[in-house]
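These notes concern the structure reproduced below.
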Amino acid sequence: MDTRRLDLNLLITLETLLVERNVTKAAYRLHLSQPAVSAQLARLRQVFDDPLLIPAQRGMTPTAKAIELIDPLRQALDQVRATLATHRNFDPSTAELTFSVACTDYLQTAVVVPFIKELRRRAPKVRIAIRYLDLRELEGQMARGEVDLALMTPQVAPPSLRTRHLFDERYVLIGRRNHPRLRKGMSVKQLVQLDHVVVSLGGGAFETPVDDVLAALGYQRNVVVSAASFMLVPELVAHSDFVALVPERLVRERRRNIERFECPFPVEGFSVAMVWHERSHGHSGLRWIREALVSMISEQQ
């Protein structure tokens, strides 16, 4: 079948004709003239290579192929109608929606996990697919509809994508509870003598921009572990004498075995934004998701 010759209006006409089995009645329901409906029926017969409806003593009788088409045609059109209605009037309490979000493991823990809890309360039928952020592929993934939303620092977002600031993050110093050498008000000299854990998302690096700051102050810290993920760091610190500088939101809910301290030297923080493609900008469901996320972040401030 050459689908280029087919449009949605033809299918709606076919559905109405199969229900009414009368061109005049179908034309009345469709708010069309009888000749217009007859012309559309002629086109449908060409598309399906079948008479579809045969003149009878009263009205028209559907062919065997037309009878086979009735259920799948109605299901398909009902799905289209439901989709259009959902896009116009998104009701989070009843709407069924699946969306994909991409971000680092830190943001998965700090933002996505509490957001999922919020969505389960407000939009119980919404499903979330969580993906790791791939900056090289993000623009293409969004253009293809594989990723609907990304959480990231806005400075590295592709310029073609839309962005909206969510929050500013800062770093805090963490160590295990009752650490023998970690205390409030300690000096930079005392801090650099401790064993440090750093995160190298690329893997294997034992220096970060923090070490450049320390070098400018005349210090060098003792880095003993380089982790490829933020997720490992709190657990590692909680069961050792290691210390680490981590984004504050990562450990906001971790209080049982970890203590947080202000860093004794200035450490530059970073901003987090949500990023999305123009193709999903007008989707009412995805727009509601974005606004719900902004609302949750605002309540956490």
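A quick note: this is a predicted structure, and the numbers were derived from the prediction, not measured.
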Side-chain contact test, heavy atoms from C-beta onward, threshold under 4.5 Å: evaluate it for [X] versus [Y] and give yes or no.
X      : Y      : value
Arg170 : Glu262 : yes
Glu15  : Leu18  : no
Val267 : Val213 : no
Leu194 : Phe242 : no
Leu214 : Val188 : yes
Cys263 : Tyr171 : no
Leu17  : Leu41  : yes
Gln220 : Val192 : no

Closest approach of [X] to [Y] (non-hydrogen atoms, all atoms of both residues):
X      : Y      : result
Leu166 : Val294 : CD2-CG2, 3.9 Å
Phe90  : Ala95  : CE1-CB, 3.3 Å
Arg74  : Val19  : NH2-CG2, 3.1 Å
Arg177 : Ile258 : NH2-O, 3.5 Å
Leu52  : Arg45  : CD1-N, 4.1 Å
Thr94  : Lys125 : O-CD, 3.4 Å

What I want to check is whether the side chains of [X] and [Y] have a donor and an acceptor closer together than 3.5 Å.
X      : Y      : result
Ser280 : Asp148 : no
Glu169 : Tyr106 : yes
Glu146 : Ser100 : no
Ser271 : Asp168 : yes

Distance from [X] atom [atom1] to [Y] atom [atom2], nearest 0.5 Å?
X      : Y      : atom1 : atom2 : answer
Leu151 : Phe167 : CG    : CZ    : 8.0 Å
Ser284 : Ile289 : OG    : CD1   : 10.5 Å
Asn9   : Leu14  : CG    : CG    : 12.5 Å
Met142 : Arg279 : CE    : CZ    : 10.5 Å
Thr63  : Leu53  : OG1   : CG    : 7.0 Å
Leu11  : Gln40  : CG    : CD    : 10.5 Å

Between Thr208 and Asp211, does a side-chain contact (heavy atoms from CB on, under 4.5 Å) hold up when you go through it step by step? CA-CA 6 Å; Thr208 73; Asp211 294 282; 3.6 Å; yes
Can you list the steps and then say if Met60 with Asn22 is a side-chain contact (heavy atoms from CB on, under 4.5 Å)? CA-CA 6 Å; Met60 307 181 82; Asn22 183 290; 5.8 Å; no
Is the number of heavy atoms from other residues, nucleotides or ligands under 6.0 Å of [X] [atom1] greater than 12?
X      : atom1 : result
Asp49  : CG    : no
Lys65  : NZ    : yes
Gln155 : CD    : yes
Phe265 : CZ    : yes

[X] side chain to [Y] backbone, donor-acceptor under 3.5 Å:
X      : Y      : answer
His239 : Glu235 : yes
His277 : Gly140 : no
Gln190 : Ser187 : yes
Arg290 : His281 : yes

Trace of the side-chain contact (heavy atoms from CB on, under 4.5 Å) decision for Leu293 with Val111: CA-CA 9 Å; Leu293 179 58; Val111 177; 3.8 Å; yes
Going through the checks in order, is the side-chain contact (heavy atoms from CB on, under 4.5 Å) test met by Glu20 and Val37? CA-CA 12 Å; Glu20 295 293 344; Val37 173; over 6 Å; no
Between Tyr219 and Gln193, does the side chain to side chain donor-acceptor pair (under 3.5 Å) criterion hold? Intermediate values first, please. CA-CA 10 Å; Tyr219 296 100; Gln193 293 174 351; over 6 Å; no
Can a salt bridge be assigned to the pair [X] and [Y] using a cut-off of 4.0 Å between side-chain N and carboxylate O?
X      : Y      : result
Arg121 : Glu118 : yes
Arg181 : Asp241 : no
Glu259 : Arg176 : no
Glu248 : Arg260 : yes

Connected via hydrophobic side-chain network under 4.5 Å: [X] and [Y]:
X      : Y      : value
Val251 : Val112 : yes
Val113 : Met152 : no
Phe230 : Val172 : yes
Leu161 : Leu286 : no
Val243 : Val199 : yes

Among all residues two or more places apart in sequence or in another chain, which pass the side-chain contact (heavy atoms from CB on, under 4.5 Å) test with Gln108? Cys103, Ile130, Tyr132
Which is it for Gln300 and Arg249 under the side chain to side chain donor-acceptor pair (under 3.5 Å) test, yes or no, and what are the steps along the way? CA-CA 10 Å; Gln300 292 178 344; Arg249 287 175 182 264; 3.0 Å; yes
Yes or no on salt bridge (Lys or Arg N to Asp or Glu O under 4.0 Å) for Glu291 and Arg164, after CA distance, side-chain angles and deciding distance? CA-CA 11 Å; Glu291 293 302 324; Arg164 181 172 177 179; 2.8 Å; yes
With sequence neighbours left out, the residues meeting side chain to side chain donor-acceptor pair (under 3.5 Å) with Trp288 are none
Quick one: do Glu96 and Arg127 satisfy salt bridge (Lys or Arg N to Asp or Glu O under 4.0 Å)? Show the steps, please. CA-CA 8 Å; Glu96 296 182 8; Arg127 302 191 306 173; over 6 Å; no
